[in-house]
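Whatever order the structure lists ligands and atoms in, that order sets their numbers, starting from 1.
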Amino acid sequence: MDSPEFSAADIARGEALCKGPCVFVKGVTRIEDLPKDNRPEVAFAGRSNVGKSSLINALTGKKTLARVSVTPGRTRELNFFVLGKEGELHLLDMPGYGYARATKAQVKGWTRLIGDYLKGRRELKRVFLLIDARHGIKPNDRETMKLLDETAVSYQVVLTKADKPKASELVAVQAKVAEELAKHPAAYPLILTTSARTGGGIPELRAAVALLADER
Ligand code: GDP
């Protein structure tokens, strides 16, 4: 994939960082249990089944880091990992949303946890918001975007499963997503298009992550 946005050095730095050690720190269900060191942090969010576990595994080059869900939406905690030889960055795997079998009370609990996290987390550099390249932005993605706009957290859309749609369909979804993002103040305009299956777009995503890790 062409990447006019990233230099060869950015791509190399991304690979060095993301293919380095990645260690699970903890799963957090209560706001007071968040890791307290001041490492820069990036978070991955998206609807359940969007391909988040697969993408995190492709990003880090680890096969079983984030468990690819047998039951969609099984991850219900804020799962923190430390990434890089020097422990440069926290990577956060957020619970997938839109899981049909969750109870109202569960959804309320997660929504509050995530809202509190987004409001108060100064080390959070960016949320990567994963959107399925076949479907584009769905109503519950819009709710997440609204929350990110309100909490003024910078976010960037990452299209997943880009190997699935036809080329023409992919271009149409990219254009539609870009048009919608232009209306959101906290959205980063560059959309990253990825496939965990083919590895397309993964070097660029790694470069984006590394640039954020270096932003101290
Ligand atoms: P999560 O619930 O968001 O963590 O999603 P998973 O990573 O568990 O993936 C959900 C389903 O989508 C699984 O069946 C994966 O094999 C599939 N999937 C994930 N990434 C890709 C991809 O890049 N291409 C294709 N074709 N399928 C994918």
Inset, instruction - Before signing off on this row, confirm whether S53 and ligand 1 have an N or O atom pair separated by under 3.5 Å. - result: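 Between S53 and ligand 1 (N or O atoms, distance only) the closest approach is under 3.5 Å.
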Legend entry - ligand 1 to V50 polar contact by distance, N or O atoms, under 3.5 Å: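 N/O-N/O distance under 3.5 Å: yes.
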Inset, instruction - Report yes if the side chains of N79 and L91 come closer than 4.5 Å at any heavy-atom pair, otherwise no. - result: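 N79 vs L91: side chains apart.
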Inset, instruction - State, with a plain yes or no, whether a side-chain heavy atom of L205 is found less than 4.5 Å away from one of C18. - result: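 They are not in contact (no side-chain heavy atoms under 4.5 Å apart), so the answer is no.
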Legend entry - ligand 1 contacted by T160 (non-hydrogen, < 4.0 Å):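 Heavy atoms of T160 never come under 4.0 Å of ligand 1.
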Inset, instruction - May I ask whether G96 has any heavy atom positioned less than 4.0 angstrom from an atom of ligand 1? - result: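 Under 4.0 Å: no for G96.
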Inset, instruction - Name all pairs fulfilling the ring pair (Phe, Tyr, Trp, His ring centres under 6.0 Å) condition that reach into residues 116-148, sequence neighbours left out, sorted by first residue then second. - result: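 Qualifying pairs: F44-F128.
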Inset, instruction - Kindly determine whether R126 and E215 satisfy salt bridge (charged side-chain N to carboxylate O under 4.0 Å, His left out), including the steps that lead there. - result: CA-CA 11 Å; R126 189 172 298 167; E215 225 180 68; 5.4 Å; no
Inset, instruction - Could you check which of K161, K52, R134 puts a non-hydrogen atom nearest to atom 1 (P) of ligand 1? - result: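 Heavy atom nearest to atom 1 (P) of ligand 1 belongs to K52.
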Inset, instruction - Inspect the surroundings of NZ in K36 and state if more than 12 heavy atoms from other residues, nucleotides or ligands are less than 6.0 Å away. - result: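 Correct, the count exceeds 12.
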Which of the ligand 1 atoms, numbered from 1, are nearer than 4.0 Å to a heavy atom of [X]:
X	result
S195	23 (O)
N49	1 (P), 2 (O), 3 (O), 5 (O), 10 (C), 11 (C)
S54	6 (P), 7 (O), 9 (O), 19 (C), 20 (N)

Inset, instruction - Could you tell me which residues satisfy side-chain contact (heavy atoms from CB on, under 4.5 Å) with V25, sequence neighbours excluded, listed by chain and number? - result: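 Partners of V25 under the side-chain contact (heavy atoms from CB on, under 4.5 Å) test: F80, V82, H90.
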